[in-house]
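Note sheet for the following structure.
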Protein chains: 2
Amino acid sequence: MRDIARAMEMEAASLYNHIDSKQSILNALLMDIANRFTVGMQQIQSSSLTALEQLEALIDQHVDMTVGYTDAISLVPSEWIHLEEPHLKEFVTLRKNYEDAFKAVILAAIEEGSIAEVDVDVALFSTLSTLRWLYSWYTKQGIKVELLKKELKRTLLQGLISSL
Amino acid sequence: MRDIARAMEMEAASLYNHIDSKQSILNALLMDIANRFTVGMQQIQSSSLTALEQLEALIDQHVDMTVGYTDAISLVPSEWIHLEEPHLKEFVTLRKNYEDAFKAVILAAIEEGSIAEVDVDVALFSTLSTLRWLYSWYTKQGIKVELLKKELKRTLLQGLISSL
DNA sequence: ACAAAAAACTAACAGTTGTTAGTTTTGGTC
DNA sequence: GACCAAAACTAACAACTGTTAGTTTTTTGT
């Protein structure tokens, strides 16, 4: 809290005119991110895109979120564990729902024949690992957003796309 | 330190009959992992395997390390940042060398024509993201090691393997 | 059985943590 | 210019952190 205060050029105690607690900051940041991903997933689900196009849209969404909310998104891989109840349960539920929906899109893509019959759980884990860690990597690179989206879709999907 | 002591059924102060400091524990764990990966990379590099086979051997090595040293390996993605100098520099150097060697294998695989002409940096980042986060995922699954290796190689490489 | 070494213990330290209470300053409205 | 709320301040709290000093207990080798 004293680090945050110094960055805002005030005393630590003054922060409490604006926030309830340190916990509430973590919660606000994580919930904002979780809600944005949830809304984005709903929009993609209710679209008329093919499953493969939905997969591409999901990758694009992760890139946009990473570029637009880099700092908050850096909390997602590890820091969510420090949430306290009931916020922890709430966050884990949102994340589980998102993963289930993501998995359903991969399954639909297999069924429509646009990607190979891979192990869905391994594919989901592998894809999300890359997308969740993007924030730590893309800042070091001088890569343009559109190129990043293109190369990421190529790397993540080309492997999945059936070579039949 | 008091948590560690409780797990070892002793007082926190008693730990210092066995270790120098909390820092030294982090350093010992991370250096052991870093050295094992470095040695493994050297063995693979000096083998007579093709570049593609070397890539497969690297994936197998990550799986073996993840299963064999799950706890210590969980420190690698995020906790290394808390190392103090000179250990921090030492660790970062070992990691950079490993990444460079990994990248060289991907490049060699492209040159020998066994994988597609992908963006090497994106492919390296994507592959290492998955392999580094494996520890957090595989314990939740009841998956057998050999199956995990097979499916992981399929997911990570099939995407790379040229469909010509 | 005894001396020496190893490893446990109690007690306490100095520094850091998130936070509260009470007070003073700032900035906008009548 | 007075008034009031918002937001800064100072001072301090209780809990927790890694670690040390000094002491007692346990283990080991002769």
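In what follows, chains carry the letters A, B, and so on, assigned in the order in which the sequence lines appear, proteins first and then strands, with residues in each chain numbered from 1.
Summarising the geometry, the separation between NZ on B/Lys22 and P on D/dT20 is reported as 14 Å, rounded to the nearest angstrom. The CZ atom of A/Arg6 sits 17 Å away from the P atom of D/dA8 (whole-angstrom rounding). If you take CG of B/Asp20 and P of D/dG18, they are 16 Å apart, rounded to a whole angstrom. Residue B/Met10 contributes atom CE, which lies 11 Å from atom C1' of C/dC9 at whole-angstrom precision. Between the P atom of C/dA7 and the CE atom of B/Met8 lies a distance of 11 Å, rounded to the nearest Å. Per the geometry, CD belonging to B/Gln23 stands 8 Å off P belonging to D/dT19, to the nearest Å.
Scanning atom types as modelled, no donor and acceptor separated by under 3.5 angstrom connect the side chain of B/Asn17 and the base of C/dA6.
In this model, the phosphate group of D/dA7 is not approached by any side-chain N or O of A/Ser14 to a distance below 4.0 Å at OP1 or OP2. The side chain of A/His18 places no N or O atom within less than 4.0 Å of a non-bridging phosphate oxygen (OP1 or OP2) of D/dA6.
Considering only side-chain atoms of B/Tyr16, the nucleotide from D/dG18, D/dA11, C/dG18 that sits closest is D/dG18. Across C/dT19, D/dC9, D/dT17, the shortest atom-to-atom separation from the side chain of A/Glu11 is found for D/dC9. Checked against D/dT19, C/dT10, C/dT19, the side chain of A/Arg2 finds its nearest nucleotide in C/dT19.
Taking the six-membered ring wherever Trp is involved, the centroid distance between the rings of A/Trp133 and A/Tyr135 falls below 6.0 Å.
Between the side chains of B/Gln23 and B/Ser21, not a single donor N or O lies within less than 3.5 Å of an accepting N or O.
Classification of the A/Phe91-A/Trp80 ring pair by plane angle, with boundaries at 30° and 60°, yields parallel.
Counting heavy atoms of neighbouring residues, nucleotides and ligands inside a 6.0 Å radius, atom NZ of B/Lys153 exceeds 12 of them.
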